[in-house]
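Since the structure comes first, as C-alpha cells, the remarks are kept for the end.
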Amino acid sequence: MKKIAFTLLFIVITMSAFSQGKDKRERIKALKIAFITEKLELTETEAQNFWPLYNAHEANNDALRQQSRQNRKGADLESMTDADAKSMIDKMLVLEQQKLQLRKQFATDLMKVIPAKKVILLKISEDEFNKRMFNEIRKRRGKQKQKE
C-alpha cells in the first residue's frame with residue numbers, strides 16, 4: 001500500500017513539475033504576443049492575416065532549433081574524429097541556411113499582409129522583447145543568489 005501511495009505521489013509531483021515548465025513557456029508566449037500586438041498596432045485585417053503567418057513561422061523556427069539541439073546532443077569533442085567534426089559542421093551550416101531561407105520567406109510573406117515598416121518594427125519588437133526577458137531573468141537570478 002505504501003509503495004502505491006509513494007508511486008502515485010511521485011507521479012503527481014513529476015507531472016506538476018513538467019506542467020509548470022510548460023505554463024512558464026505559455027506565459028512567456030502570451031506576453032510576447034501582447035508585446036508585439038501593442039508595438040505593431042495592427043488593424044483587425046492585418047492581425048487576421050499576420051498571426052497565422054507568425055505562428056507558422058515560430059513553429060518552423062522551433063523545429064529547426066530542436067533539430068539543431070538534437071545534432072549537438074551527445075557530441076563528445078574529446079572522442080570525435082575530424083571527419084565527424086566536419087560532418088557536424090556541415091549539418092550546422094545546412095540548418096543555418098534553412099533558418100535564413102525561412103526568415104527570407106517570412107519577410108516576403110509578411111510584406112503581403114502588413115507594410116514593410118511594420119515588418120522592420122516586428123524585428124525590432126522581437127529583439128526588444130528578448131532583451132527585456134533576458135534582463136528579467138538576470139535580475140531574478142541575482143535576487144536568488146542574494147537570498148542564498
Side-chain angles (χ1 to χ4, degrees), residues 7-145 147:
T7 304
L8 287 174
L9 180 63
F10 178 76
I11 291 171
V12 169
I13 290 172
T14 304
M15 290 176 64
S16 172
F18 281 117
S19 72
Q20 284 180 0
K22 225 175 203 179
D23 286 346
K24 284 182 183 179
R25 282 191 295 272
E26 290 300 316
R27 242 182 304 151
I28 290 171
K29 192 174 182 178
L31 287 171
K32 185 177 183 181
I33 289 169
F35 188 81
I36 290 171
T37 300
E38 180 184 325
K39 291 291 185 176
L40 294 185
E41 297 177 351
L42 298 171
T43 66
E44 190 174 326
T45 306
E46 288 173 340
Q48 287 175 343
N49 295 318
F50 170 81
W51 286 111
L53 283 175
Y54 187 82
N55 291 334
H57 173 71
E58 286 291 296
N60 290 334
N61 221 7
D62 287 345
L64 287 175
R65 211 175 292 120
Q66 183 67 27
Q67 192 176 351
S68 180
R69 246 184 251 120
Q70 281 299 114
N71 288 345
R72 290 188 316 263
K73 188 177 183 180
D76 184 13
L77 293 175
E78 296 297 320
S79 64
M80 186 180 286
T81 66
D82 217 32
D84 291 339
K86 286 178 182 176
S87 174
M88 189 173 191
I89 289 170
D90 289 341
K91 288 178 184 178
M92 290 168 53
L93 292 173
V94 167
L95 281 172
E96 288 300 318
Q97 188 66 37
Q98 288 175 343
K99 287 178 187 178
L100 176 61
Q101 192 59 40
L102 180 66
R103 190 76 185 162
K104 284 180 176 180
Q105 187 60 51
F106 181 53
T108 301
D109 293 344
L110 276 180
M111 286 189 284
K112 295 175 185 172
V113 298
I114 61 174
K117 284 184 179 181
K118 286 189 179 183
V119 174
I120 294 170
L121 184 58
L122 171 64
K123 178 63 176 145
I124 292 168
S125 299
E126 286 177 322
D127 291 347
E128 185 179 340
F129 179 81
N130 291 335
K131 184 177 178 182
R132 286 184 182 193
M133 289 304 298
F134 285 126
N135 287 338
E136 183 65 28
I137 290 169
R138 192 177 308 133
K139 185 169 46 171
R140 288 181 184 201
R141 284 184 181 161
K143 286 181 182 178
Q144 285 178 343
K145 286 181 182 179
K147 287 180 182 179

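Numbers here simply count residues along the sequence, with the first being 1.
Every residue two or more places apart in sequence or in another chain that forms a ring pair (Phe, Tyr, Trp, His ring centres under 6.0 Å) with Y54 is listed here: F50, W51.
Distance check: E128 CD to L121 CG gives 9.0 Å after rounding to the nearest 0.5 Å. Note that CG of N71 is 6.0 Å distant from CD of Q67, once rounded to the nearest 0.5 Å. How far CG of L110 is from NZ of K118: 12.0 Å, rounded to the nearest 0.5 Å. A distance of 9.5 Å separates CG in L53 from CD in Q105, rounded to the nearest 0.5 Å. Between the CG atom in N55 and the CD1 atom in I33 there is a gap of 6.0 Å [rounded to 0.5 Å]. A distance of 9.0 Å separates CD1 in I28 from CZ in R25, rounded to the nearest 0.5 Å.
At least one side-chain heavy atom of L95 sits less than 4.5 Å from a side-chain heavy atom of Q98. With a 4.5 Å cut-off on side-chain heavy atoms, S125 and E38 do not count as touching. The shortest side-chain heavy-atom distance between R72 and M88 falls under the 4.5 Å cut-off. In this structure the side chain of K91 never reaches within 4.5 angstrom of the side chain of V94, judged on heavy atoms.
Heavy atoms only, all atoms of each residue included: A47 and P52 are closest at O-CD, 4.2 Å. Here the closest non-hydrogen pair linking V119 and M111 is CG2-CG, 3.8 Å. Contact record, E46 with P115: OE2-CD, 3.4 Å, taken as the closest heavy-atom pair.
Residues R138 and N135 have side chains that bring a donor and an acceptor to within less than 3.5 angstrom of each other.
More than 12 non-hydrogen atoms from other residues, nucleotides or ligands lie less than 6.0 angstrom from CD of Q66.
The residues D90 and K86 are annotated as not salt-bridged, no charged nitrogen and carboxylate oxygen being separated by less than 4.0 angstrom. Ionic pairing of E26 and K29 is not present here: no N-O contact between side-chain nitrogen and carboxylate oxygen is shorter than 4.0 angstrom. A salt bridge between E136 and K139 is present, with a side-chain N of the basic residue lying under 4.0 Å from a carboxylate O of the acidic one.
Side-chain atoms of T108 come within 3.5 Å of backbone N or O of K104 as a donor-acceptor pair.
Note on ring orientation: taking the six-membered ring where Trp is involved, the planes of F106 and H57 are parallel (angle under 30°, cut-offs 30° and 60°).
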Self-check item: Audit row: E126, K123, salt bridge (Lys or Arg N to Asp or Glu O under 4.0 Å) steps and yes/no
Solution: CA-CA 5 Å; E126 286 177 322; K123 178 63 176 145; 5.2 Å; no
